[in-house]
Asks: 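Here it is, the structure in full.
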Amino acid sequence: MFFSILSSILQFLSFPPAELNYLALVALVPLFVFLCRETSTKRIIAGVLIYRAVFLLLVGAYIPDPLLLFFELLFFLPFISLVILLKRYPVKAPVFLFVIALAYMLSETFVARFAPLPSFVVLSGLPLAATPFIYLAKWGGVYATSVFSVFINTVFSSIFIAFQSKNRKKILFFFITVAVIFLLGVRFEKLLKPIDNNADKSIHLAVISTGEAYDDGSKIDITKEGAQVKLDNFIDKTLGDVAQKLGEYQPDLIILPEHFIDLLLLNDVNAEAREKFGIINAGTILSHYQSFAKARHSAILVSLRTYDIDHRKRQSAILIDKDGNLSAISDKYYLTVGSETWPFGKWIPFYWKYSLRFLPPETKEEAFIALSPTGQYAPAEKPFSPISFGGITIGTLLCSEGHYPLAYQELMGKGADIFISTSNNTWVSFAGDQYKKETLWLRQMYAVSTGKLIIIAGKNDLAGIIYPDGTFEGMSPQTTDSLVLFTKDIRL
């Protein structure tokens with residue numbers, strides 16, 4: 001079992017906060033060697049489950065949910081079954097290692113896509129985002145770096161076993177293989193770095209993100225007398241703070257984080273929103289945004305919860321043009337299990353029920369979507385609808401939607417020139433910096449794989465831009481920050 005736990009620790013150290021990235025290329029060696037040597041079925045089962053559980057609890061410390069851990073382990077049972085099956089036959093070590101490496105890659109990619117929450121941020125190749133090997137993402141995103149990582153781990157596992165058997169020819173062969181791969185890796189940057197093609201489209205961007213000190217208005221009790229005046233004053237003050245941050249800068253597009261003003265105002269109709277998009281809520285918020293866009297003579301991309309005439313609740317990104325008109329909408333398609341959709345009816349885990357008593361009254365009803373009086377969210381009727389702005393096609397990715405490779409592929413297929421990824425990370429109460437770095441690495445992979453810019457705006461998230469070569473330019477809000485502003489003039 002020591003080897004299993006050692007793999008967990010080594011793999012964790014390749015992730016934030018330690019960021020010993022190259023350990024990703026050897027972290028699985030103890031596990032693979034253990035599986036190659038071990039003959040006891042019970043120890044194989046225990047070893048794999050312990051490895052996976054310890055790794056996930058360390059790397060995903062920001063969301064230590066037993067139910068999610070259960071599904072992550074459940075999806076690894078076919079991998080365990082294959083290892084046990086292989087043990088029944090006289091398979092040579094190199095063949096055994098190759099087969100279990102392939103099975104491991106299939107298992108972790110399947111889990112990343114089909115677990116209740118997307119877990120692409122814990123794929124074995126993610127730490128390579130901070131190394132020259134990020135350019136492998138050109139051939140398949142984080143999947144490509146994970147295949148590479150597992151392959152190198154397999155080679156090192158073979159070297160370890162060859163050392164024990166004192167097979168010098170095999171040792172020399174494997175060492176030469178690793179050396180060639182690393183030398184090629186150093187060249188990846190020059191081979192794959194995108195070249196500026198004298199782009200003729202330009203856009204002046206202002207990206208707003210928020211820190212922990214920011215007040216999103218969610219504590220305003222809209223049922224009390226005088227609440228409308230209080231709400232209007234709050235929104236005016238908040239947008240005034242944005243205007244103060246902007247100063248004399250005149251952006252073409254202002255990007256606000258998801259749920260910048262976080263109130264689900266039902267029966268609050270904006271006539272234009274109802275006519276164009278069928279939305280019957282958030283009228284006050286949208287009207288203030290429209291006035292702000294018109295006053296600043298800048299378009300605004302906002303993300304908020306919407307409610308339509310058919311009583312379907314959605315997460316939506318809405319573009320307001322510089323004249324204050326509602327220009328376009330794109331709804332979220334990939335919904336987050338737990339906070340937006342729930343496949344288990346009214347049943348929730350007992351520890352969720354227990355945690356309700358510690359939540360403030362204003363958030364208790366909406367804390368778990370299974371208990372929400374306004375029901376679960378509905379996915380977009382038209383998935384991955386890009387937004388046109390000034391001759392540029394924008395692909396919007398709302399919160400966890402930015403984790404899915406397919407979302408980028410679909411938007412690319414519809415002509416997206418850039419991606420805008422907005423988020424609301426206020427749910428992260430522990431290891432927030434770790435989560436931000438992991439999601440940054442994942443976004444960097446996607447920027448390289450698509451060859452497009454990715455702009456980031458979020459609550460408790462980064463504000464900035466990721467270039468097609470994977471480099472990030474921007475800032476991270478500090479604990480005491482309310483608003484942070486990142487501005488950039490980009491050419492496309």
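Being a predicted model, the structure only gives us computed values, none of them experimental.
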Asks: From Leu304 CG over to Gln315 CD, what is the distance, rounded to the nearest 0.5 angstrom?
Replies: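 Going from the CG atom of Leu304 to the CD atom of Gln315 covers 8.5 Å.
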Asks: Return yes when atom CG of Asp433 has more than 12 non-hydrogen atoms of other residues, nucleotides or ligands closer than 6.0 Å, and no otherwise.
Replies: no
Asks: Regarding Asp216 and His259, do their side chains bring together a donor and an acceptor under 3.5 Å, going by distance alone?
Replies: no
Asks: Could you verify whether a donor N or O on one side chain and an acceptor N or O on the other, from Thr396 and Ser330, lie under 3.5 Å apart?
Replies: yes
Asks: Answer yes or no: are there more than 12 heavy-atom neighbours, outside Glu473 itself, under 6.0 Å from its atom CD?
Replies: yes
Asks: Hey, are Arg443 and Glu438 close enough for a salt bridge, meaning a charged N less than 4.0 Å from a carboxylate O?
Replies: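 Salt bridge: no.
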Asks: Do Thr422 and Leu397 have side chains that get closer than 4.5 Å, going by heavy atoms?
Replies: no
Asks: More than 12 heavy atoms of other residues, nucleotides or ligands under 6.0 Å from CG of Asn233: yes or no?
Replies: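 Yes, CG of Asn233 has more than 12 neighbouring heavy atoms, counting only those of other groups under 6.0 Å.
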Asks: Can you confirm whether Arg52 sits close enough to Leu56 that some side-chain heavy atom of one is under 4.5 Å from a side-chain heavy atom of the other?
Replies: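 Arg52 reaches Leu56 side chain to side chain.
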Asks: Are any side-chain N or O atoms of Ser149 and backbone N or O atoms of Thr145, one a donor and one an acceptor, separated by less than 3.5 Å?
Replies: no
Asks: For Tyr333 and Glu401, test the side chains for any donor-to-acceptor distance below 3.5 angstrom and give the result as yes or no.
Replies: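 No pair is found: no donor N or O on one side chain lies under 3.5 Å from an acceptor on the other.
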Asks: Between Thr341 and Gln376, is any side-chain donor less than 3.5 angstrom from a side-chain acceptor?
Replies: yes
Asks: Are Tyr377 and Tyr307, when compared by the centres of their aromatic rings, separated by less than 6.0 Å?
Replies: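 Centroid distance Tyr377-Tyr307: not below 6.0 Å, so no.
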Asks: Is it the case that Thr284 and Asp268 place a side-chain donor and acceptor less than 3.5 Å from each other?
Replies: yes
Asks: Can a donor-acceptor pair be found, under 3.5 Å and without considering hydrogens, that links the side chain of Asp308 to the backbone of His311?
Replies: yes
Asks: Got a donor-acceptor contact below 3.5 angstrom from the Glu72 side chain to the Ala115 backbone?
Replies: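 Side chain of Glu72 to backbone of Ala115: no pair is present.
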Asks: Can you classify the ring geometry of His403 versus Tyr435 as parallel (below 30°), tilted (30 to 60°) or perpendicular (above 60°)?
Replies: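 His403 vs Tyr435 ring planes: parallel.
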Asks: Determine the interplanar angle of the Tyr404 and Phe120 rings, folded into 0 to 90°, and report it as parallel if under 30°, tilted if 30 to 60°, perpendicular if over 60°.
Replies: perpendicular
Asks: Would you say the side-chain atoms of Thr210 pair up with the backbone N or O of Leu483, donor to acceptor, closer than 3.5 Å?
Replies: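 No.
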Asks: Quick one: does any side-chain atom of Thr131 pair with a main-chain N or O of Pro127 as donor and acceptor, under 3.5 Å?
Replies: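 No; zero donor-acceptor contacts below 3.5 Å.
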Asks: Checking Ser423 side chain against Cys399 main chain: does a donor-acceptor pair fall under 3.5 Å?
Replies: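 A pair under 3.5 Å: no.
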Asks: Are Phe71 and Leu117 side-chain neighbours, meaning at least one heavy-atom pair lies under 4.5 Å?
Replies: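 Contact flag for Phe71/Leu117 side chains = no.
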Asks: For Asp461 and Ser209, which I'm curious about, is there any donor-acceptor pair between the side chains at under 3.5 Å?
Replies: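 No, no side-chain donor-acceptor pair sits under 3.5 Å.
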Asks: Are the side chains of Lys459 and Glu258 in touch, meaning some heavy atoms are under 4.5 Å apart?
Replies: no
Asks: For the residue pair Glu340 and Lys332, establish whether any side-chain heavy-atom pair is separated by less than 4.5 Å.
Replies: yes
Asks: Taking atom NZ of Lys322 and atom CZ of Phe389, what is their separation to the nearest 0.5 Å?
Replies: 8.5 Å
Asks: So, taking the atom named CZ in Phe277 and the one named CG in Asn270, what distance separates them when rounded to the nearest 0.5 Å?
Replies: 9.5 Å
Asks: Would the distance check show the side chain of Lys414 and the main-chain N or O of Phe384 forming a donor-acceptor pair, the cut-off being under 3.5 Å?
Replies: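 Judged by distance alone, yes, a pair lies under 3.5 Å.
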Asks: Counting only heavy atoms not in Arg274 (residues, nucleotides, ligands), do more than 12 fall under 6.0 Å from its CZ?
Replies: no
Asks: Is there side-chain contact between Asn21 and Phe133, with at least one heavy-atom pair below 4.5 Å?
Replies: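 Not touching, per the 4.5 Å side-chain cut-off.
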Asks: Assign the ring pair Trp427 / Tyr62 to parallel, tilted or perpendicular, where the plane angle (0 to 90°) is split at 30° and 60°.
Replies: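 Trp427 and Tyr62: perpendicular rings.
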Asks: Quickly, which of Ile456, Val121, Leu126, Leu462 forms a side chain to side chain contact (heavy atoms under 4.5 Å, CB included) with Thr439? Name it, please.
Replies: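 Among Ile456, Val121, Leu126, Leu462, the one that satisfies the side chain to side chain contact (heavy atoms under 4.5 Å, CB included) with Thr439 is Val121.
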Asks: Kindly assign one of parallel, tilted or perpendicular to the pair Phe419 and Tyr408, based on the angle between their ring planes and the thresholds 30° and 60°.
Replies: perpendicular
Asks: Sub-3.5 Å donor-acceptor pair from the side chain of Asn325 to the main-chain atoms of Ser327, do we have one?
Replies: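 Checked: no pair found.
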Asks: Please examine the side chains of Leu239 and Phe260, heavy atoms only from C-beta on, and report whether any two atoms are closer than 4.5 Å.
Replies: yes
Asks: With distance as the sole test, does Gln250 use its side chain to make a donor-acceptor pair with the main-chain N or O of His297 at under 3.5 Å?
Replies: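 Yes.
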Asks: As an exercise, state the distance from CD1 of Ile318 to CD1 of Ile387, rounded to the nearest 0.5 Å.
Replies: 9.0 Å
Asks: Parallel under 30°, tilted from 30 to 60°, perpendicular over 60°: which one fits the rings of Phe110 and Phe114?
Replies: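 Geometry flag for Phe114 against Phe110: tilted rings.
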Asks: About how many Å separate OG1 of Thr393 and CG of Asp417, when rounded to the nearest 0.5 Å?
Replies: 4.5 Å
Asks: Is there a donor-acceptor pair under 3.5 Å between the side chain of Thr487 and the backbone N or O of Ala206?
Replies: no
Asks: Using a distance-only test with no angle check, is there a side-chain donor-acceptor pair under 3.5 angstrom linking Ser476 and Lys436?
Replies: yes
Asks: With no hydrogens and no angle check, do the side chains of Gln11 and Ser124 hold a donor and an acceptor under 3.5 Å apart?
Replies: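 No, no side-chain donor-acceptor pair sits under 3.5 Å.
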Asks: May I ask you to test the Val111-Leu74 pair for a side-chain heavy-atom distance under 4.5 Å?
Replies: no
Asks: Using a 6.0 Å cut-off, check whether atom NZ of Lys294 has over 12 heavy atoms from anything other than its own residue.
Replies: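 Atom NZ in Lys294 is not packed in, count stays at 12 or less.
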